[in-house]
Amino acid sequence: MTESFSSRWWYGIAATLVLLLLGWIGWAGVRLTTTIVPETDPSQLAPHGIESLVVLLGTFVFVVATWTSAPIFTISLFMDARAVGRGDFEWRPNQYLYGLVGLLHLGALFTVVVYAVTMPVALFYLYRRHRHVGTP
């Protein structure tokens, strides 16, 4: 392992994973609420007054964060794989393969099905990075 190695590009990958996890937890909470109490209409869960403004603002922030995290994820995955590949490690990730996965992730701006491929690859990448580089 090289002592002087420094790449913080993995932050963009991890931040995207955390953001999506929080979004899915919120979505699952709403779905679970409507499943446990079958007569609950999801439209009744919407608050009124100032609470609805806070919910609307939170939704807007989440959508903007999701849309901005996709290009950040794409760039971060490619650049980190490139940096690790240039380091003195046993593991040399293919920067072009991970760059292609990052480009595929941009498709998540239009369909959530893409997450089924890109998120497991990102988790696997961070796991391998941890084993060979030491961080995250």
Side-chain angles (χ1 to χ4, degrees):
M1 217 181 305
T2 304
E3 293 295 326
S4 64
F5 180 77
S6 176
S7 173
R8 293 191 175 97
W9 284 107
W10 66 269
Y11 289 149
I13 303 166
T16 301
L17 289 170
V18 169
L19 179 67
L20 291 173
L21 179 65
L22 292 174
W24 289 337
I25 288 171
W27 176 80
V30 170
R31 294 294 296 168
L32 186 60
T33 302
T34 57
T35 302
I36 291 176
V37 185
E39 66 272 1
T40 303
D41 182 14
S43 64
Q44 294 174 347
L45 298 175
H48 303 286
I50 191 72
E51 295 89 8
S52 64
L53 181 63
V54 171
V55 168
L56 182 62
L57 181 62
T59 303
F60 176 75
V61 167
F62 180 74
V63 167
V64 168
T66 302
W67 275 63
T68 56
S69 73
I72 291 170
F73 175 85
T74 300
I75 293 167
S76 296
L77 189 59
F78 174 77
M79 293 301 288
D80 195 69
R82 181 175 158 191
V84 171
R86 291 180 177 177
D88 186 24
F89 303 105
E90 294 175 12
W91 178 55
R92 300 234 184 260
N94 185 334
Q95 67 186 6
Y96 299 109
L97 176 64
Y98 285 109
L100 185 63
V101 170
L103 285 175
L104 176 64
H105 184 76
L106 288 176
L109 297 173
F110 307 104
T111 179
V112 297
V113 174
V114 174
Y115 290 134
V117 174
T118 60
M119 292 301 97
V121 170
L123 283 170
F124 179 72
Y125 176 82
L126 290 177
Y127 170 75
R128 295 281 311 261
R129 188 185 197 285
H130 174 72
R131 293 216 33 196
H132 294 280
V133 178
T135 53

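All figures in this text were calculated on a predicted structure; none of them were measured in a lab.
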TODO: Output yes when a side-chain donor or acceptor of Arg8 lies under 3.5 Å from a complementary backbone atom of Asp80, and no otherwise.
DONE: no
* To do: Say whether, by atom type as modelled, one donor and one acceptor occur between the side chain of Arg92 and the main chain of Gly85 under 3.5 angstrom.
  => yes
Given the options Val18, Ile25, Leu17, Leu21 meets side-chain contact (heavy atoms from CB on, under 4.5 Å) only with Ile25
Tyr96 reachable from Met79 in the ILVMFWY side-chain graph, under 4.5 Å edges:
yes
Here the gap from Arg129 atom CZ to Phe124 atom CZ, rounded to the nearest 0.5 Å, amounts to 14.5 Å
Shared hydrophobic cluster, Tyr11 / Tyr127 (ILVMFWY, side-chain heavy atoms < 4.5 Å): no
>> Quick one, Trp91 and Arg131 - any side-chain contact, counting heavy atoms below 4.5 Å?
In response: no
Correct closest heavy-atom pair for Gly12 and Ile72 would be CA-CG2, 4.0 Å
Sequence neighbours excluded, the answer for ring pair (Phe, Tyr, Trp, His ring centres under 6.0 Å) partners of Phe78 is none
dist Leu77:CG -> Gln95:CD (nearest 0.5 Å) comes out at 11.0 Å
Return a table of donor-acceptor pairs under 3.5 angstrom between the side chains of residues 102-110 and protein atoms on other chains or two or more places apart.
{"from": "His105", "atom 1": "ND1", "to": "Thr118", "atom 2": "OG1", "distance (Å)": "3.0"}

Distance col, row Ile13:CD1 vs Ile75:CD1, nearest 0.5 angstrom, shows 12.0 Å
Exercise for the section: Give a yes or no on whether Leu100 and Val117 share a hydrophobic cluster (residues Ile, Leu, Val, Met, Phe, Trp, Tyr; joining criterion: side-chain heavy atoms under 4.5 Å apart). Expected result: no
TODO: Compute the ring centroids of Trp9 and Phe73, then answer whether they are less than 6.0 Å apart.
DONE: no
With sequence neighbours left out, the residues meeting side-chain contact (heavy atoms from CB on, under 4.5 Å) with Val64 are Phe60, Thr68
*asked:* Are Tyr125 and Pro93 packed together at the side-chain level, in the sense that at least one heavy-atom pair is separated by less than 4.5 angstrom?
replied: yes
* **Min side-chain heavy-atom separation Val84-Tyr98 under 4.5 Å** => no
- Query: Are Met119 and Leu22 co-members of a hydrophobic cluster defined by side-chain heavy atoms under 4.5 Å apart?
  - Reply: no
